[in-house]
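What follows is one structure encoded as structure tokens, with my remarks underneath.
A note on names: the letters A, B, ... follow the listed sequences, proteins ahead of strands, and every chain is numbered from 1. Just so you know, these numbers use all the heavy atoms, side chains as well, and skip hydrogens, waters and symmetry mates.
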There are 2 protein chains.
Amino acid sequence: MVDKARKVTRAAAGARAALGFVRPLSSVDVVAFAVFDEALRVLLVRRPKVAGEPFPGRWALPGGFVDVDRDADLLACARRKLRDKTARVSPYFEQLGSWGSASRDPRGWSATHAWLALLPTGGTAPEQVAVAAEASWRPVDDAMQKGALAFDHVEILRTGVERLRSKAEYTSLPAFLLAEPFTLPQLQRIYEVVLGRPVDKSGFRTRALAARFLAEAGTVEGDSNRPAMGYRLLDRSTPAVFPRTFSPRLGH
Amino acid sequence: MVDKARKVTRAAAGARAALGFVRPLSSVDVVAFAVFDEALRVLLVRRPKVAGEPFPGRWALPGGFVDVDRDADLLACARRKLRDKTARVSPYFEQLGSWGSASRDPRGWSATHAWLALLPTGGTAPEQVAVAAEASWRPVDDAMQKGALAFDHVEILRTGVERLRSKAEYTSLPAFLLAEPFTLPQLQRIYEVVLGRPVDKSGFRTRALAARFLAEAGTVEGDSNRPAMGYRLLDRSTPAVFPRTFSPRLGH
DNA sequence: TTAATAGTGTCTATGAGACAGTATCAA
DNA sequence: TTGATACTGTCTCATAGACACTATTAA
């Protein structure tokens with residue numbers, strides 16, 4: 001933080017750079033989701049209260065400038081930004097989009113590469129995604145309020161929530177929010193929290209099993225009296241897509 | 001071109017810039033699609049044959065560095081890049097993703113913001129999307145071949161084709177490839193070209209009309225003897241989404 | 001035995017896919 | 001009248017949604 005503040009005070013003097021172009025500021029921001037205590041939550045950090053830093057003391061998405069010496073590519077940069085704030089878990093990453101304009105950062109023309117990250121939790125085990133002191137997991141409904149975040153981060157967060165909810169309708173993406181092994185009722189509850197509405201048990205089971213993204217992992221003592229089948233994801237890199245319309249029938 | 005070359009020769013001396021960070025190069029590239037002569041085509045431009053320019057004489061996606069003095073935001077930059085190469089049409093734009101790494105551009109750490117653009121044509125009227133001399137509309141199957149394009153543009157193009165094909169399965173996105181007014185058989189042919197497979201006529205009509213994104217525009221002399229109903233898009237900014245699974249029934 | 005949750009079966013309506021048929025125009 | 005294409009009707013089957021039912025455990 002101190003080091004960062006010192007850098008900032010050097011200000012925007014030498015921005016005119018190679019190739020005859022003023023180079024925009026390049027940053028990466030991460031919309032990191034986790035589900036626990038029956039709520040969809042997003043990781044936020046406080047902006048430093050230091051002269052020259054915009055939005056001092058305000059909540060913001062974790063992120064910052066690309067470091068060309070440390071980051072091999074954009075994903076590596078996003079991973080670093082998240083690793084700085086959370087315990088070591090293996091989150092799912094997906095590009096969310098870019099926000100770039102002359103006005104979004106008072107320090108100059110700025111473009112940020114936003115990433116969506118999903119952290120696996122036990123549903124009631126936030127210690128698995130423990131955070132740095134100045135960071136916090138906040139319910140998305142609070143964080144999405146107008147003016148709740150620095151920069152244009154509310155808009156970025158809204159896009160992230162939309163993406164997650166949209167993909168929850170037809171992919172197994174919410175499964176990346178669960179630590180393994182998990183039971184089908186647990187997965188169903190994640191879907192209900194993400195979508196914000198109840199989901200039919202029978203239909204959910206049928207669809208989830210038909211999508212062939214789960215591997216049985218033995219009986220697990222679940223949240224109830226009767227043990228349930230535990231599952232792991234067959235592929236922790238890409239969600240499965242549920243059958244959709246407007247495509248030819250597959251079987252014969 | 002001459003001016004651009006002169007800029008390049010200044011090389012990477014002053015890249016260390018404001019805020020204590022070396023700023024990556026920021027560019028925008030456009031994957032612009034059009035359909036004519038029964039093929040899905042992508043707009044390509046030749047890289048200048050000038051000392052200091054990487055990939056001289058090779059085909060590449062239209063694009064280039066963000067100009068912080070001319071571009072208010074990333075979309076404006078993408079529009080400018082496309083306007084430089086094509087006649088004045090009003091294309092559909094959608095963010096495709098970011099590609100950024102230390103190695104993708106020999107001139108230094110570079111991040112590009114890629115956009116998908118769809119240009120409306122009459123299906124057999126390429127003059128509506130006329131291009132600059134050094135540019136060309138190439139069938140995507142050729143351009144997607146390994147090594148066919150400069151930088152990592154084949155990968156970006158592949159992502160664009162995937163996005164378009166994927167969305168063609170459940171949205172009205174391909175309609176943005178048609179000049180108005182158009183007939184349902186014309187729209188169906190666009191879907192068939194994009195998807196690369198035949199589409200059932202009856203089902204297509206039912207779905208297209210049920211999705212409520214079309215407005216009747218009077219009878220049009222189509223490609224055949226019998227005139228067909230002409231249609232316009234109700235909303236030229238966002239495609240309509242066809243009903244999907246895993247969502248509650250809407251009517252009662 | 002009871003409570004609680006895991007998991008299954010069944011009915012119904014919708015709607016996609018396939019394809020045959022009818023309508024309307026030019027020549 | 002013929003040919004070509006626009007457009008409609010109909011049959012079938014898969015499956016989503018709703019909900020009632022059975023199974024298996026702890027206490």
Side-chain angles (χ1 to χ4, degrees), chain A residues 38 122-124 168-172 178 181-193 195 197-212 214 216-231 240-252, chain B residues 38 122-124 168-172 178 181-193 195 197-212 214 216-231 240-252:
Chain A
E38 297 290 311
T124 50
E169 297 284 355
Y170 64 98
T171 75
S172 66
L178 268 179
F182 54 83
T183 68
L184 280 182
Q186 284 174 337
L187 183 59
Q188 182 183 340
R189 262 172 238 125
I190 294 286
Y191 271 82
E192 291 175 335
V193 168
L195 292 173
R197 61 175 153 83
V199 170
D200 180 80
K201 181 169 44 169
S202 177
F204 181 81
R205 299 179 66 87
T206 305
R207 292 179 61 102
L209 294 174
R212 306 198 150 280
L214 296 172
E216 295 194 353
T219 308
V220 172
E221 285 185 19
D223 310 325
S224 78
N225 297 327
R226 176 174 171 179
M229 176 60 71
Y231 292 92
V241 179
F242 300 150
R244 291 194 240 155
T245 54
F246 213 59
S247 58
R249 195 71 45 74
L250 294 180
H252 80 86
Chain B
E38 297 289 311
T124 50
E169 297 284 355
Y170 63 97
T171 76
S172 65
L178 268 179
F182 54 83
T183 68
L184 280 181
Q186 284 173 339
L187 183 58
Q188 182 183 341
R189 263 171 238 126
I190 294 286
Y191 270 82
E192 290 175 335
V193 167
L195 292 172
R197 60 173 153 84
V199 170
D200 181 80
K201 183 169 40 172
S202 177
F204 181 82
R205 299 179 65 88
T206 305
R207 292 178 60 103
L209 294 173
R212 305 198 150 281
L214 295 172
E216 295 193 353
T219 308
V220 172
E221 284 185 22
D223 309 325
S224 79
N225 297 326
R226 174 173 172 181
M229 177 59 72
Y231 292 93
V241 179
F242 300 151
R244 291 193 240 154
T245 54
F246 213 59
S247 58
R249 194 71 46 74
L250 295 180
H252 83 87

Report task. Round to the nearest Å and state the distance from Lys201(B) atom NZ to dA6(D) atom P. Result -> 7 Å

Query raised in the report: Does Ser202(B) get its side chain close enough to the base of dG9(D), under 3.5 Å, for a donor-acceptor pair?
Result: yes

Query raised in the report: Whole-Å distance between dG17(D) C1' and Asp200(A) CG?
Result: 6 Å

Report task. Could you check how far CD of Glu216(B) sits from C1' of dA6(D), rounded to whole Å? Result -> 14 Å

Requested in this report: Specify the separation, in whole Å, of atom CG of Leu187(B) and atom C1' of dT5(D).
Outcome: 17 Å

Query raised in the report: From dC7(D), dA3(C), dG7(C), pick the nucleotide closest to the side chain of Arg205(A)?
Result: dG7(C)

Requested in this report: Please work out which of the three classes, parallel, tilted or perpendicular, describes the rings of Tyr170(A) and Tyr170(B), given edges at 30° and 60°.
Outcome: tilted

Query raised in the report: Just by distance, do the side chain of Gln188(B) and the backbone of Val199(B) share a donor-acceptor pair under 3.5 Å?
Result: yes

Query - Donor-acceptor pair (no angle test) under 3.5 Å: Arg226(A) side chain, dA23(D) base - result: yes

Query - Nucleotide nearest Pro185(B) when distance is taken to its side chain, options dA6(D), dA16(D), dA6(C) - result: dA6(D)

Query raised in the report: Rounded to the Å, how far apart are Arg207(A) CZ and dT8(C) C1'?
Result: 18 Å

Requested in this report: Give the rounded distance in Å between these two atoms: CD of Glu169(B) and P of dA16(C).
Outcome: 14 Å

Query - Side-chain donor/acceptor contact of Thr206(B) with base of dG15(C) under 3.5 Å - result: no

Query - Interatomic distance, Gln188(A) CD vs dG7(C) C1' [rounded to whole Å] - result: 11 Å

Query raised in the report: Has the side chain of Thr219(A) got a donor or acceptor atom that lies under 3.5 Å from a matching backbone atom of Ala228(A)?
Result: no

Query raised in the report: What nucleotide among dC7(D), dG7(C), dA26(D) has an atom nearest to a side-chain atom of Ala228(B)?
Result: dC7(D)

Report task. Mind calculating the distance between CD (Gln186(B)) and P (dA6(D)) to the nearest angstrom? Result -> 8 Å

Query raised in the report: Do the side chain of Thr171(A) and the main chain of Val241(A) share a donor and acceptor less than 3.5 angstrom apart?
Result: no

Query raised in the report: Going by an N to O cut-off under 4.0 Å, is there a salt bridge joining Glu169(B) and Arg197(B)?
Result: yes

